[in-house]
Structures are given as C-alpha cells and as structure tokens.
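Here the structure is laid out as structure tokens; the discussion comes afterwards.
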Amino acid sequence: MNLYRTSNGNYVEERGSCYRVPESSWDALVTHTDLRGYLASVVAAAKLAGDFQAARIEAPIGSQEVWAAGVTYFRSRSARMAEAKDAGGGDFYDRVYSAERPELFFKATPSRVAGPGGEVRIRSDAQWSVPEPELTLLVNPRGEIVGYTVGNDMSARDIEGENPLYLPQAKVYDRSCALGPCILVASEPLPPSTAIRLEIVREGSTAFSGATTLAEMKRRPADLVAWLFRENQFPSGTFLMTGTGIVPPDDFTLRTGDRIRMTIDAIGLLENVVVQAGR
Ligand code: DO4
Ligand code: MG
C-alpha cells in the first residue's frame with residue numbers, strides 16, 4: 001500500500017486504485033498504533049477517491065524531523081575519504097564505516113523539505129554539489145519502521161571535504177532535502193535486491209546515471225533506528241535516511257535547471273528541479 005499526502009488530503013493506493021483516508025492529520029496517521037491495519041480498513045471500505053487525480057502530491061511529512069545516516073555504503077566511504085584527504089579527514093570515514101556506532105546526523109526540519117516536483121537548492125557558496133538518493137525510513141514513536149520513501153540528501157561536497165566539522169553546513173540548509181512521492185506501507189522489510197536509481201537530466205539529456213541495491217548497504221535499517229532512538233524521543237515519529245550508495249564522479253556538480261530523478265523499486269519516482277540560492 002502506498003500512502004500519499006496531497007493538497008486534497010491523504011490517500012492510500014492499493015493495486016492501482018486510490019482511496020481517500022478519513023484521517024486528515026498526517027501526524028495522527030504516522031503515530032497510529034496499527035497504520036497498516038487502519039489503511040487496510042480504508043481500502044476494505046472501498047470508497048474510491050476520484051479527486052486524487054486532481055490533487056497535488058506533497059512531501060509525505062507533517063511535523064517529523066528528518067535524520068540521516070552516512071557512510072553506510074562502500075562507495076560513500078571511498079568518495080568521502082578522497083574528498084577529505086587534503087584536509088586530513090579521510091581516515092574518519094574509513095573508521096566510521098567499520099565502527100559499531102554509525103554516523104547519524106540531523107538533516108532537515110519539515111520546512112526545509114521539498115516534495116515531488118518541487119525545487120531543491122544548491123548553496124551559492126558551494127562549487128561542488130550532488131544529490132544523494134537514499135532509502136528513507138518512516139519510524140513511529142515506538143521505534144518501529146512503518147514505511148519507506150525516497151529521500152534526496154542534497155550535499156555540498158567541497159564544504160564537507162574542506163573540514164568534517166563543516167558537515168552541518170554541507171548538509172542542512174533550505175530545501176536541502178526532498179522526500180516522496182509516497183510512503184510505502186509494507187508488512188515486510190524491503191528485499192536486498194531492491195534497486196535504487198539516480199538520473200540527472202541536463203538540457204534534455206542524461207548528464208549522470210547510476211544504480212545500486214540495498215544488498216550493498218553495510219548496516220541494517222533496524223540497527224540504524226535503534227541507534228537513533230538511543231537517548232532520543234520522537235513523539236510524532238521521524239524520518240531516517242539510510243545513506244547513499246551512488247556518488248557521481250568527482251568532476252560532476254549540479255547546476256541550476258538540472259532535473260534529479262530518483263527511483264526505488266516498489267516506492268516510485270521522486271523528481272525535483274535544482275535552483276540556486278537567491279533564484
Ligand atoms: O559523512 C558524510 C555524509 C555521508 C552521507 O550523507 C552518506 O553516506 O549518504
Ligand atoms: Mg547522504
């Protein structure tokens with residue numbers, strides 16, 4: 001079942017049909033004691049929602065925070081080690097890749113998050129910006145993974161590489177994050193064969209494309225959640241991005257007007273357009 005937050009309210013999609021969800025509060029849905037059972041009862045009531053087609057799909061977020069894990073794929077570890085080598089920070093990435101404690105960082109408040117079709121931003125003081133396509137977990141207040149979405153962890157690699165202490169500036173700024181198009185409310189964890197794909201389209205042509213699968217992820221989503229919930233409460237639940245396994249080559253940087261297309265099997269396509277600060 002796919003759960004959508006739209007300009008006309010919340011909808012659940014099952015086998016190609018859309019049903020309006022009576023619960024209009026996103027936070028109330030996310031914190032439901034049995035989200036999947038509740039959505040199944042909505043589908044069973046079979047009130048088809050004709051107005052879904054006219055609705056604008058929004059980022060599937062209410063008052064949740066967005067957190068992120070890093071260096072969970074070998075590709076991310078290697079790219080970060082290279083970018084931070086001159087600053088003497090490369091070793092940190094190798095160590096965190098194998099450490100018991102993962103890298104977890106705060107990524108975005110809801111107002112910094114773009115939805116499907118929306119604009120994501122590159123910093124005006126960065127010369128080297130990339131998108132990071134990441135399986136993103138929706139976790140309820142009890143620490144249970146209740147759904148999955150596609151997340152874009154926009155990153156300024158030159159700022160991050162200059163000094164690891166600049167990580168928050170490389171990662172957290174207005175529209176540095178996108179989520180969507182929906183929440184996949186699944187009864188089982190996603191299979192390791194699940195593919196994550198990234199395409200960056202510039203002036204009508206593919207400027208970069210890459211793919212990975214969840215089998216390449218070094219850590220288990222449930223373990224990342226357990227670390228995040230140590231000493232932290234999330235009364236409205238939270239999102240947790242699980243890291244990127246796709247990094248464009250070092251000579252690639254995003255430009256205004258680029259279209260970023262990210263897909264994850266069974267969830268769908270998250271597409272955003274790039275703008276620069278001040279535009
Ligand atoms: O440590 C820097 C950020 C890592 C990250 O965002 C990722 O691996 O996805
Ligand atoms: Mg990332």
Side-chain angles (χ1 to χ4, degrees), residues 65-108 112-114 120-123 126 128-137 148-173 175-180 194 196-198 200 208 210-221 223-225 227-228 238-250 252-254 260 262-264 270 272 274:
E65 297 171 343
V66 183
W67 288 73
V71 198
T72 51
Y73 291 78
F74 193 76
R75 175 73 185 111
S76 177
R77 163 205 168 270
S78 308
R80 255 97 199 179
M81 286 177 72
E83 83 189 7
K85 191 159 56 72
D86 291 349
D91 181 42
F92 288 116
Y93 295 107
D94 187 34
R95 279 161 42 193
V96 82
Y97 182 70
S98 333
E100 189 190 351
R101 182 189 292 270
E103 178 194 6
L104 294 175
F105 58 92
F106 182 78
K107 175 62 189 175
R112 296 190 167 85
V113 175
V120 288
R121 289 171 71 242
I122 48 180
R123 294 184 62 116
W128 186 16
S129 297
V130 293
E132 296 186 355
E134 306 191 6
L135 175 70
T136 301
L137 316 173
Y148 303 91
T149 191
V150 183
N152 180 355
D153 172 22
M154 292 286 286
S155 303
R157 290 193 64 191
D158 51 342
I159 295 176
E160 177 183 277
E162 188 180 337
N163 189 322
L165 296 179
Y166 292 155
L167 185 79
Q169 294 176 74
K171 294 286 194 180
V172 185
Y173 55 91
R175 300 279 168 152
S176 63
C177 180
L179 296 176
T194 300
I196 302 177
R197 295 187 177 83
L198 169 65
I200 301 168
F208 171 78
T212 188
T213 69
L214 294 184
E216 301 299 314
M217 201 197 294
K218 176 110 191 304
R219 298 182 186 264
R220 292 175 49 237
D223 292 341
L224 294 173
V225 171
W227 278 97
L228 180 62
T238 187
F239 286 93
L240 177 56
M241 310 179 93
T242 57
T244 189
I246 305 173
V247 183
D250 291 356
F252 180 89
T253 186
L254 286 170
I260 302 170
M262 302 178 166
T263 53
I264 300 183
L270 173 63
N272 296 98
V274 175

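Atoms within each ligand, like the ligands themselves, are counted from 1 in listed order.
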- Thr72 and Lys218 side chains, donor-acceptor separation under 3.5 Å: no
- Around atom CZ of Phe252, are there more than 12 heavy atoms of other residues, nucleotides or ligands at under 6.0 Å? yes
- Is a donor on one side and an acceptor on the other found under 3.5 Å between the side chain of Asn152 and the backbone of Cys177? no
- Given OD2 of Asp153 on one side and OE2 of Glu134 on the other, what angle do they make at the Mg ion (ligand 2), to 10°? 110°
- Task: Using the six-membered ring wherever Trp is involved, compare the ring planes of Phe74 and Tyr97 and label them parallel, tilted or perpendicular (cut-offs 30° and 60°).
- Result: perpendicular
- Query: With respect to the Mg ion (ligand 2), what is the nearest N, O or S atom of Glu132?
  - Reply: OE1
- Drop me the distance from Tyr93's OH to Lys85's NZ, to the nearest 0.5 angstrom. 14.0 Å
- Distance-only, no hydrogens or angles: does the Arg157 side chain make a donor-acceptor pair with backbone N or O of Ala79 under 3.5 Å? yes
- Result for side chain to side chain contact (heavy atoms under 4.5 Å, CB included) between Val150 and one of Thr263, Leu135, Leu270, Leu179 points to Leu270
Check each N or O atom of ligand 1 against all protein N or O atoms and list the pairs under 3.5 Å, with atom names and distances to 0.1 Å, one per line.
unit_1: ligand 1; atom_1: 1 (O); unit_2: Glu103; atom_2: OE1; d: 2.8
unit_1: ligand 1; atom_1: 1 (O); unit_2: Glu103; atom_2: OE2; d: 2.9
unit_1: ligand 1; atom_1: 6 (O); unit_2: Glu132; atom_2: OE1; d: 3.0
unit_1: ligand 1; atom_1: 6 (O); unit_2: Asp153; atom_2: OD2; d: 3.0
unit_1: ligand 1; atom_1: 6 (O); unit_2: Lys171; atom_2: NZ; d: 2.7
unit_1: ligand 1; atom_1: 8 (O); unit_2: Val71; atom_2: N; d: 2.8
unit_1: ligand 1; atom_1: 8 (O); unit_2: Ser76; atom_2: OG; d: 2.6
unit_1: ligand 1; atom_1: 8 (O); unit_2: Arg80; atom_2: NH1; d: 3.4
unit_1: ligand 1; atom_1: 9 (O); unit_2: Glu132; atom_2: OE1; d: 3.0
unit_1: ligand 1; atom_1: 9 (O); unit_2: Glu134; atom_2: OE2; d: 3.0
unit_1: ligand 1; atom_1: 9 (O); unit_2: Thr244; atom_2: N; d: 2.9

